[in-house]
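Taking it in order: structure first as structure tokens, then the write-up.
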Amino acid sequence: MEPNYNKKKYLELLTKEYKNINEVAEEIINLQAIINLPKGTEMFLSDIHGEYEPFEHILNNGGGIIKSKIDDIFENTISKKERATLATLIYYPEEKLKLMKQEVSDLNEWYHITLYRLVEVARKVSSKYTRSKVRKAITNGFEYVIDELLNSQAGNEKDKTTYYKAIINTIIELNQAESFIIAISDLIKRMAIDHLHIIGDIFDRGPHPDLVIEKMKKFHSIDIQWGNHDVLWMGATCGNEASIATVVRICARYNNIAILEDGYGINIRPLSTFAMETYKEDDCKNFYPKIVDETKYDESDRNNIAKIHKAITIIQFKLEGQMIKRHPEYHLENRLLLDKMNLKKGYIRIHGEKYEINDTNFPTLKQEDIYELTQEEQEVMERLCDSFKKSPKLNDHMDFLFKKGELYTIFNSNLLFHACIPMKEDGEFQEVEFLGQKVKGKQYFELINETIGKAWLNKETVDKKLIDIMWYLWISPESPFFAKDKMATFESYFVKDKEMSKEKKNPYFILTDQEEICNKILKEFGLPEKDSHIVNGHVPVKAKDGESPIRGNGKLLVIDGGFAKSYQQKTGNAGYILTYNSNGLLLSQNKPFESVEKAIIEEKDIISELIVKKTGVIRKSVGDTDIGKRLKTEIKDLEQLLLCYESGEIKQIN
């Protein structure tokens, strides 16, 4: 059938890349081969919260894949200790090499044995990829040598062994063994995970979100679904003062001021000076920071951090009050609580009821306008706002979050988003008024994506209400990022009755125990019921209390299990790793990671316990993926171009 005019114009454009029948035929053969390969392995991680060391280790061990491949190859030939050493060498080649050089008596012999073993592991993990893709993944040199070792078909087995031995001998004789070990270890790690999904909340609580982002920036293939903490930091970087104060408060609460000062160059000194002077007679004991790692805590700093913590908390509640009054459309009037306190009598009135408060020393509260900043507070915020907006590294990291992230992603028939889709108790999607539009379900998600995009790309000139909306998305019960009836930060700090600090989750979190509700959500986003899943984070799964990450008869997987150390006492584990390979989905539960030092010296890996293995009857190939669908379309186009060349309708270029 003759192609239509527009199609023919497209085919003529293809001739610039594929000039004749031979080139078209070669590309069709190549693409057909690719779509029949097993699909690459995807890894899903959630709620990293600045915990760089376990994050780095999980990427290094491929979520346990590398150790599994080593066991498959060598379980019957070398000891468990040797397998652990080989795995650690792959995870941390430079550091482990330094130790091995001190421990090994015959280094050349160790090089010979190790290089052979590394080649076998590399061959195993790269077997599902094209030779071209593997070569492109080798970034530290040795492309030709590694390619030869992985793919050589030199004669019979004896000839091949001689050939390998000659190459490895030469590597060692030229003093290139260490560089080669690093290069092939990097290749193994690169091939173990084909694509990485981050299901939100990179920031807050843990010490090094900056290093987490830097690691993500170097990862070869990644997408990010923004979490509520990520959107908070984006809003802060855009200059929203309530978001800035909240970010600083959370850093103080988790003894993590260093991420602001050392990580992002944020000037905290004006706030510190103000806090020390304002609360010099106050021990601020209710504001002592949460200590997760006692080895990284200086007791002498406790009171200073507590004063900073209290000062910025009061500033935050003032700024939030200003936001709520400025935006009545947010419907957050019930969070105006500062003015409900009776400091002389020590109580607060909430919904007509009196509750005792645990602190009455608030020297910066003005009775005439309790939500107005003092001049000193205003100066502190101006300096903080200037630092956030002008930090090059922070802006670079937020730009990466914007470019690689969005509220939700559909990838290989899986729907990924951080928290929830607001729903009513009857199972219908909740209609929300957002920027003057009434929206729900997917339409709501799309409008949020569009709004955050506009706000970030035009942050210097955009209408301020689009910047403010990121704070709204952090705190609103109607936000798909937050998904609770209230953010009870005020109550948790000041109200003695801890029942007042409880936050009721959106009905979504109960309704999605039902398979039909999960299927309804999948349908809303255009996904088929069969073989589709929803992947969320946000709400830590308390495994120690019997909670399960698997909901809706396997349709929904919640993979926030306590990656952040501050959650691990509540959850009883250290997060989940979800992988999706050609055989299906595998969900594993992690034990806490001790340290990189112990991982290298004592060869302690993250222990992951397999929870569920959901396999398909037929092994999935690249052709079954989103990329495969695009490749099949390309093949059809090339086949049409081939027909046009053969018929003479389009002339070949020889």
Between [X] and [Y], what is the ring plane arrangement, given parallel below 30°, perpendicular above 60°, and tilted in between?
| X | Y | answer |
| --- | --- | --- |
| Trp456 | Phe402 | tilted |
| Phe494 | Phe490 | perpendicular |
| Trp233 | Phe388 | tilted |
| Trp474 | His229 | perpendicular |

For [Y], is there any backbone N or O sitting under 3.5 Å from a side-chain donor or acceptor partner on [X]?
| X | Y | value |
| --- | --- | --- |
| Glu547 | Lys542 | yes |
| Asn458 | Thr461 | no |
| Asp485 | Lys505 | no |
| Asp513 | Arg551 | no |
| Thr409 | Phe411 | no |
| Arg335 | Met487 | yes |

To the closest 0.5 Å, what do you measure between [atom1] ([X]) and [atom2] ([Y])?
| X | Y | atom1 | atom2 | value |
| --- | --- | --- | --- | --- |
| Asp230 | His49 | CG | NE2 | 8.5 Å |
| Lys307 | Arg302 | NZ | CZ | 10.0 Å |
| Leu319 | Ile312 | CG | CD1 | 7.5 Å |
| Ile266 | Asp386 | CD1 | CG | 9.5 Å |
| Cys284 | Asn361 | SG | CG | 7.5 Å |
| Ile48 | Asp204 | CD1 | CG | 13.0 Å |

Given His397 and Tyr264, is the ring-ring contact (aromatic ring centres under 6.0 Å, His included) satisfied, shown in steps?
CA-CA 10 Å; His397 285 186; Tyr264 289 117; 5.4 Å; yes
Let's go through Glu524 and Lys442 carefully: what are the C-alpha distance in whole Å and the side-chain angles of both, what is the deciding distance for salt bridge (charged side-chain N to carboxylate O under 4.0 Å, His left out) to 0.1 Å, and is it a yes or a no?
CA-CA 6 Å; Glu524 171 73 5; Lys442 183 183 178 184; over 6 Å; no
Intermediate values then yes/no, side chain to side chain contact (heavy atoms under 4.5 Å, CB included), Phe203 and Leu232:
CA-CA 9 Å; Phe203 285 87; Leu232 177 69; over 6 Å; no
Note, Leu473 side chain near Asn228 side chain (heavy atom, < 4.5 Å)
no
Side chains of Asn267 and Leu260: closer than 4.5 Å at any heavy-atom pair?
no
Under 3.5 Å, is there a donor on one side chain and an acceptor on the other for [X] and [Y]?
| X | Y | answer |
| --- | --- | --- |
| Tyr330 | Glu433 | no |
| Gln225 | Asp223 | yes |
| Thr364 | Glu377 | yes |
| His533 | Asn414 | yes |
| Asn536 | His418 | no |

Considering residues, nucleotides and ligands other than [X], do more than 12 of their heavy atoms fall under 6.0 Å from its [atom1]?
| X | atom1 | answer |
| --- | --- | --- |
| Glu425 | CD | no |
| Lys345 | NZ | no |
| Lys390 | NZ | no |
| Lys403 | NZ | no |
| Leu457 | CG | yes |
| His57 | NE2 | yes |

Apply salt bridge (charged side-chain N to carboxylate O under 4.0 Å, His left out) to the pair Glu450 and Lys454, showing each step before the final yes or no.
CA-CA 6 Å; Glu450 179 186 338; Lys454 285 181 181 177; 3.2 Å; yes
Using the six-membered ring of [Y], assess whether NZ or CZ of [X] lies under 6.0 Å from its centre and within 45 degrees of the ring axis.
| X | Y | answer |
| --- | --- | --- |
| Lys520 | Phe429 | yes |
| Lys354 | Tyr347 | yes |
| Lys310 | Phe362 | yes |

Strictly under 6.0 Å, is that where the ring centroids of His309 and Tyr493 end up?
yes
For the rings on His327 and Tyr472, is their centre-to-centre separation under 6.0 Å?
no
Using the rule given for salt bridge (charged side-chain N to carboxylate O under 4.0 Å, His left out), can you reason through Asp468 versus Arg326, listing the C-alpha separation, both sets of side-chain angles and the distance that settles it, and then say yes or no?
CA-CA 10 Å; Asp468 289 351; Arg326 188 160 67 242; 3.5 Å; yes
List the steps, then state whether side chain to side chain contact (heavy atoms under 4.5 Å, CB included) holds for Met381 with Ile244.
CA-CA 8 Å; Met381 284 310 304; Ile244 290 169; 4.0 Å; yes
The side-chain contact (heavy atoms from CB on, under 4.5 Å) partner of Leu556 among Ile534, Leu522, Leu415 is Ile534
As a test of understanding, state which of Phe525, Phe434, Phe481 forms a ring pair (Phe, Tyr, Trp, His ring centres under 6.0 Å) with Tyr444.
Phe434
Take Leu343 and Ile357 through the test side chain to side chain contact (heavy atoms under 4.5 Å, CB included) and record every step on the way to the result.
CA-CA 9 Å; Leu343 299 182; Ile357 56 177; 4.2 Å; yes
Which atom names give the shortest non-hydrogen contact between Val380 and Phe274, and what distance separates them?
CG2-CB, 3.8 Å
With salt bridge (charged side-chain N to carboxylate O under 4.0 Å, His left out) as the criterion, how do Lys440 and Glu478 come out once you've worked through the C-alpha distance, each side chain's angles and the decisive distance to 0.1 Å?
CA-CA 10 Å; Lys440 59 183 177 179; Glu478 296 182 336; over 6 Å; no
Tell me, with the steps shown, if Glu499 and Tyr355 meet side chain to side chain donor-acceptor pair (under 3.5 Å).
CA-CA 11 Å; Glu499 285 295 312; Tyr355 298 92; over 6 Å; no
